[in-house]
Amino acid sequence: MLGVLALAAFCGACASSGEMPNRGSPELAAKYNAQLAANYMREGRMDMARAKLAEGLKQSPHSPAVHNTLALYYARLGRFDKAEEQYKLSLKYRPGDPETMNNYGVFLCTHGKPQQSLQYFVKAAEDLDYSTPDAALANAGLCALKIPDDKLAKQYFRRTLAINPDQSQALWQMGLMAFGQGRYTEARKYISRLIQ
């Protein structure tokens, strides 16, 4: 689920994050190829994704978008060492990039490092240019549950809902936690909002 969220958050915010390079620039072409690669991965066309990523690297070897998408590509293939290397390169070429921080946080969380992942989600959510801070905070909440730290998870889900009152993952998790603690009226409130 987190991997799907990361890929969706990455693809959804590609066109709106930060400043776009000059029209016709190698960096812009590389960014478009990274977007195409992400779309191909969603369709399961890994060979086409790899071709677009190779093209993007040729156009701009230091493109954070290409390295971020390469990390998703390698993670999908189960080559986790290469994926982590690509996340680090993306952050090297654009320190603090919220897309990469969110995706790297998901990677760390799903590979046994939920505590370490939280800092990346929080930094991504605090970036004023990031279009989906609620997704990063919801991811932080899910990873806090893996620690496990229900109190911290609840804080992240509340912050998520303060930004986006309709964020489905946060509503679902808050409903589950309330139900598990016997607060059925509160649980019903969250689930009713989710259904609406």
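Treat the numbers as computed from the prediction; the structure is a model and nothing was measured.
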Discussion item. Which residue is it: Leu137, Leu142, Leu152? I am looking for the one with a side chain to side chain contact (heavy atoms under 4.5 Å, CB included) to Phe157.
Written reply: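 Output: one option passes, namely Leu142.
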When clusters are formed by joining ILVMFWY residues with side-chain heavy atoms under 4.5 Å apart, either directly or through shared neighbours, do [X] and [Y] land in the same one?
X: Tyr32; Y: Tyr40; answer: no
X: Leu77; Y: Met48; answer: no
X: Leu72; Y: Leu89; answer: no
X: Leu36; Y: Leu53; answer: no
X: Tyr73; Y: Leu91; answer: yes

Please tell me if the side chains of [X] and [Y] come closer than 4.5 Å, counting only heavy atoms from C-beta onward.
X: Leu161; Y: Met174; answer: yes
X: Ser63; Y: Glu27; answer: yes
X: Met101; Y: Val122; answer: no
X: Tyr130; Y: Asp97; answer: no
X: Leu57; Y: His67; answer: yes

Output the distance between atom [atom1] ([X]) and atom [atom2] ([Y]), rounded to the nearest 0.5 Å.
X: Glu99; Y: Thr132; atom1: CD; atom2: OG1; value: 6.0 Å
X: Lys113; Y: Ile147; atom1: NZ; atom2: CD1; value: 14.5 Å
X: Leu171; Y: Gln167; atom1: CG; atom2: CD; value: 7.5 Å
X: Lys189; Y: Glu186; atom1: NZ; atom2: CD; value: 5.5 Å
X: Gln169; Y: Asp134; atom1: CD; atom2: CG; value: 11.5 Å
X: Gln59; Y: Ser25; atom1: CD; atom2: OG; value: 9.5 Å

Verify, without hydrogens or angle tests, whether [X] (side chain) and [Y] (backbone) share a donor-acceptor contact under 3.5 angstrom.
X: Ser90; Y: Tyr87; value: no
X: Arg193; Y: Pro165; value: yes
X: Arg76; Y: Met41; value: yes
X: Thr160; Y: Ala138; value: yes
X: Asn33; Y: Ala29; value: yes

Please name the pair of heavy atoms, one in [X] and one in [Y], separated by the smallest distance, quoted to 0.1 Å.
X: Cys143; Y: Pro114; value: O-CB, 3.4 Å
X: Ala65; Y: Ala34; value: O-CB, 3.7 Å
X: Ala140; Y: Leu118; value: O-CD2, 3.4 Å
X: Asn139; Y: Asn102; value: ND2-OD1, 3.1 Å
X: Phe121; Y: Gly105; value: CZ-C, 3.2 Å
X: Arg94; Y: Pro64; value: CB-CG, 3.4 Å

Practice prompt. Any chance you could lay out the side chain to side chain contact (heavy atoms under 4.5 Å, CB included) test for Thr69 and Gln86, step after step, and finish with the verdict?
Written response: CA-CA 8 Å; Thr69 310; Gln86 292 301 317; over 6 Å; no
Fill in: Whether Phe80 and Phe107 hold their rings parallel, tilted or perpendicular, with breakpoints at 30° and 60°
tilted
Item to complete: Dump the intermediate steps for side chain to side chain contact (heavy atoms under 4.5 Å, CB included) on Met177 and Leu145, then the final yes or no.
Response: CA-CA 10 Å; Met177 286 190 283; Leu145 288 173; 4.1 Å; yes
Worksheet item: Salt bridge or not for Lys88 and Glu85, using N-O below 4.0 Å?
Response: no
Worksheet item: Are Asn103 and Asn68 linked by a side-chain donor-acceptor pair shorter than 3.5 Å?
Response: yes
Fill in: Qualifying residue, where the test is ring pair (Phe, Tyr, Trp, His ring centres under 6.0 Å) with Phe179 and the options are Tyr190, Tyr184, Trp172
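Exactly one candidate clears the test, Tyr184.
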Discussion item. Just checking Tyr93: does its OH atom have more than 12 heavy atoms from other residues, nucleotides or ligands closer to it than 6.0 angstrom?
Written reply: yes
